[in-house]
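Report on the structure given below.
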Amino acid sequence: RTALYTWLIARSHGGDFILRIEDTDQGRYVDGAVDVIYRTMAECGLTHDEGPDVGGPVAPYIQSQRRDTYGKYARLLVEKGGAYYCFCEKTESEEDSGEFDRAADPCRDLPLEEAERRVAAGEPYVIRQRIPAEGVTTFHDAIFGDITVENSTLDDQVLMKRDGLPTYNFANVIDDHLMAITHVVRGNEYISSTPKYNLIYEAFGWTPPIYVHVAQVMKDAQHKLSKRNGDASFQDLVAKGYLPAAILNYIALLGWNPGTEQEIFSLAELEQVFDAERLNKSPAIFDIAKLRWMNGCYIRALPFAEFHALACKEYDKFITRSINREELSKVLQPRVETLNDIAETAGFIETLPAYGEELFNNKKMKTDPEIAKKSLQLALPALESLSADGWNNESLFECLKAVAAANGLKNGQVLYPVRIALTGLETTPGGASEIAAVLGREETLRRIKLAL
């Protein structure tokens, strides 16, 4: 969602959208994660103007390949008094915890010459930011306005680690400046870190970017949506049968509103109407039921050929018998909300469930097992008279209606028993003639005989 908002801000202003891989925390590196980023952005249509795969004027766009750049700027920041060498033996977890007491750090006041001598001698060190002991730091956020913090509440965060790689906080400031980033969009959990970023900008004499801190996505009123806690990622939702365009549309509305009643937006439409000033300060709750509804809207709006192609991939997973797949897709498209609903909805096609004669009881259709038996006995020869060439929804429906009319029965007293016989289910995705058209002549007749 953050990438989508960033992309929309860039595109709506005629700007460039840059893909940068931030991999300086090698301890959290996951094989294949970068491929997921590329694949997700491609599936969503979030094109980028600069990045590792397309190049650009400030390559490389992978932070681990920019190590020398960060070291140079870190040393320059030390010379400017905005940072210092620290030789204290702290574990990496302590360094990154944000709980380091700068007042107790003897290295903070080391003369620069002495610190540089120890560095030259090969003594291990980190470079820490030198936060002013007094005063305040103020920054402006596009959503939350001006935010002021006491410098005394900020820690002397690590900028360069012992392994020579920068921390996320330092690398981003350097890269954002060198890549001429005008807008930084990120989760509002980074608001507390932003004053420290601004102090780095000030120390270098650089102009900070415009900050847009977006509210979190919550799974409920108390818990943040988190992949770490097993909540669905974009890839999980696609695997569950949601269309990328529908997911994108839904997450665009998680924390932003267009100011109208419209809810269905293509990416091109979002680009036209998006305004960052309409981003909400309050967290958004992820509502899977709303996403299902929206996905159903997208499935129904697909051109039939496109839906049929997607559906056939699902049929391949659970249907082995020969059926009229095109007819099945016609039945399912208006009725399913996700692609994964297909197997659940149409499972009876492959395997007829076991059922008892009580299923033929239906007060609304005025049927019971005796009426059903009579209707099936009448329907069987009528259906047998139809050739395979004329076996389609329209001719089947007219045939069964004619059986009812010729025998003084209501349409439902014939159609309902046939539908039960063909599916073994009380609730089905289509009517008797539609399902018979899907199953084909041979299987339809076999199931009616089985019911009798």
Exercise for review: Hey, could you give me the CD/CD1 distance between Glu150 and Ile131, rounded to the nearest 0.5 Å?
Suggested key: 13.5 Å
Review point. From Cys297 SG over to Leu302 CG, what is the distance, rounded to the nearest 0.5 angstrom?
Key: 11.5 Å
Review point. Does a side chain donor of either Ser433 or Asn393 reach within less than 3.5 Å of an acceptor in the other side chain?
Key: yes
Review point. Is the side chain of Asp175 donor-acceptor paired with the backbone N or O of Gln63 at a distance under 3.5 Å, no angle test?
Key: no
Point to revise | Any donor-acceptor pair under 3.5 Å from Asp105 side chain to Cys107 backbone | key: yes
Exercise for review: If the plane angle is over 60° it's perpendicular, under 30° parallel, otherwise tilted; pick one for Phe204 and Trp206.
Suggested key: parallel
Practice item. Taking the side chain as every heavy atom from C-beta outward, state whether Glu43 and Leu248 have any atom pair closer than 4.5 Å. Key: no
Practice item. May I ask you to say whether Glu113 pairs ionically with Arg117, meaning some side-chain N is under 4.0 Å from a carboxylate O? Key: no
Practice item. Name all pairs fulfilling the ring pair (Phe, Tyr, Trp, His ring centres under 6.0 Å) condition that reach into residues 113-137, sequence neighbours left out, sorted by first residue then second. Key: Tyr85-Tyr125
Study note, to complete from the structure: Rounded to the nearest 0.5 angstrom, the CG-CG distance for Asn340 and Leu237 is 10.5 Å
Check your understanding: Any side-chain heavy-atom pair from Lys330 and Glu327 closer than 4.5 angstrom?
Key -> yes
Exercise for review: Identify the two heavy atoms, one from Gly45 and one from Leu267, that lie closest to each other, and give their separation to 0.1 Å.
Suggested key: O-CD2, 3.6 Å
Check your understanding: Rounded to the nearest 0.5 Å, how far does CG of Leu332 lie from CD1 of Ile342?
Key -> 6.0 Å
Review point. Can you list the residues that meet the ring-ring contact (aromatic ring centres under 6.0 Å, His included) rule with Phe304, with sequence neighbours excluded?
Key: His308
Review point. Under 3.5 Å, is there a donor-acceptor pair between the side chain of Glu50 and the main chain of Val58?
Key: no
Review point. If you look at every heavy atom in Tyr315 and Ser329, which pair is closest and at what distance?
Key: OH-OG, 2.8 Å
Donor-acceptor contacts, no H, no angles, side chain residues 13-21, under 3.5 Å, sequence neighbours left out:
from, atom 1, to, atom 2, distance (Å)
His13, ND1, Ile9, O, 2.9
Arg20, NE, Glu22, OE2, 3.3
Arg20, NH1, Asp176, OD1, 3.0
Arg20, NH2, Glu22, OE2, 3.0
Arg20, NH2, Asp176, OD1, 2.9

Review point. For Arg300 and Glu306, what are the C-alpha separation, side-chain angles and deciding distance, and is it a salt bridge (Lys or Arg N to Asp or Glu O under 4.0 Å)?
Key: CA-CA 11 Å; Arg300 290 188 290 277; Glu306 193 173 331; over 6 Å; no
Point to revise | Nearest atoms (heavy-atom pairs only) where Ala246 meets Asn295 | key: CB-OD1, 3.2 Å
Check your understanding: Say you draw a straight line from CZ of Arg108 to SG of Cys86; how long is it, rounded to the nearest 0.5 Å?
Key -> 11.0 Å
Exercise for review: Please step through salt bridge (Lys or Arg N to Asp or Glu O under 4.0 Å) for the pair Glu337 and Arg292, ending with a clear verdict.
Suggested key: CA-CA 6 Å; Glu337 290 188 313; Arg292 275 188 65 87; 3.2 Å; yes
Practice item. Please confirm whether the backbone N or O of Val149 pairs with a side-chain atom of Thr153, one donor and one acceptor, at under 3.5 Å? Key: no
Check your understanding: Residues in side-chain hydrogen bond (donor to acceptor under 3.5 Å, both in side chains) with Asp68, at least two apart?
Key -> none
**Study point:** Derivation of the side chain to side chain contact (heavy atoms under 4.5 Å, CB included) call for Val184 and Ile210
**Key:** CA-CA 6 Å; Val184 169; Ile210 295 171; over 6 Å; no
Practice item. Please step through salt bridge (Lys or Arg N to Asp or Glu O under 4.0 Å) for the pair Asp155 and Arg128, ending with a clear verdict. Key: CA-CA 9 Å; Asp155 66 298; Arg128 289 186 177 278; 5.6 Å; no
Review point. Would you say the side-chain atoms of Asn151 pair up with the backbone N or O of Ala133, donor to acceptor, closer than 3.5 Å?
Key: no
Review point. Going through the checks in order, is the side chain to side chain contact (heavy atoms under 4.5 Å, CB included) test met by Asp53 and His48?
Key: CA-CA 10 Å; Asp53 54 336; His48 50 282; 2.8 Å; yes
Review point. Hey, what do you get for CG (Leu159) to CD1 (Ile174), rounding to the nearest 0.5 Å?
Key: 8.5 Å
Check your understanding: Can you find a heavy atom in the side chain of Leu4 that is under 4.5 Å from one in the side chain of Leu8?
Key -> yes
**Study point:** Short side-chain to backbone donor-acceptor contact, Arg1 and Ala252, under 3.5 Å
**Key:** no
**Study point:** Results of ring-ring contact (aromatic ring centres under 6.0 Å, His included) for Tyr5 - residues two or more places apart only
**Key:** Phe274
Review point. For Thr137 and Leu199, which heavy atoms make the closest approach, and how far apart are they?
Key: OG1-CD2, 3.4 Å
Review point. Are Tyr250 and Phe286 an aromatic pair by the rule of ring centers under 6.0 Å?
Key: yes
Exercise for review: Applying salt bridge (Lys or Arg N to Asp or Glu O under 4.0 Å), run through Arg325 and Asp316 and close with a yes or a no.
Suggested key: CA-CA 10 Å; Arg325 289 187 166 202; Asp316 289 342; 2.9 Å; yes
Check your understanding: Does a side-chain N-to-carboxylate-O contact under 4.0 Å join Asp156 and Arg130?
Key -> no
Exercise for review: Using modelled atom types only, decide if a donor and an acceptor are shared between the side chain of Gln262 and the backbone of Ile264 within a distance under 3.5 Å.
Suggested key: yes
Check your understanding: Looking only at heavy atoms, which two atoms of Val331 and Pro429 are closest? And how far apart?
Key -> CG1-O, 3.5 Å
Check your understanding: Phe307 and Tyr298: aromatic ring centres closer than 6.0 Å?
Key -> no
**Study point:** Under 3.5 Å: donor-acceptor pair, side chain of Thr167, backbone of Val158
**Key:** yes
Check your understanding: Which heavy atom of Ile319 sits nearest a heavy atom of Glu350, and at what distance?
Key -> CA-OE1, 3.3 Å
Point to revise | side-chain hydrogen bond (donor to acceptor under 3.5 Å, both in side chains) pairs, two or more places apart, involving residues 417-432 | key: Arg419-Thr428
**Study point:** Worked check of side chain to side chain contact (heavy atoms under 4.5 Å, CB included) between Val214 and Arg186
**Key:** CA-CA 6 Å; Val214 295; Arg186 59 185 174 220; over 6 Å; no
Practice item. Report yes or no: does Asn188 contribute a side-chain atom to a donor-acceptor pair with the main-chain N or O of Ile191 at less than 3.5 Å? Key: no
Exercise for review: For the pair His213 and Thr194, evaluate side-chain hydrogen bond (donor to acceptor under 3.5 Å, both in side chains) and give the outcome as yes or no after the intermediate values.
Suggested key: CA-CA 10 Å; His213 288 95; Thr194 305; 3.2 Å; yes
Review point. Is a donor on one side and an acceptor on the other found under 3.5 Å between the side chain of Trp256 and the backbone of Ala276?
Key: no
Check your understanding: Taking atom types as modelled and ignoring hydrogens, do the side chains of Gln235 and Ser233 form a donor-acceptor contact shorter than 3.5 angstrom?
Key -> yes
Review point. So do Val238 and Ile247 actually touch side chain to side chain, heavy atoms under 4.5 Å?
Key: yes
Practice item. Answer whether the closest heavy-atom distance between the side chains of Trp7 and Cys44 falls below 4.5 Å. Key: no
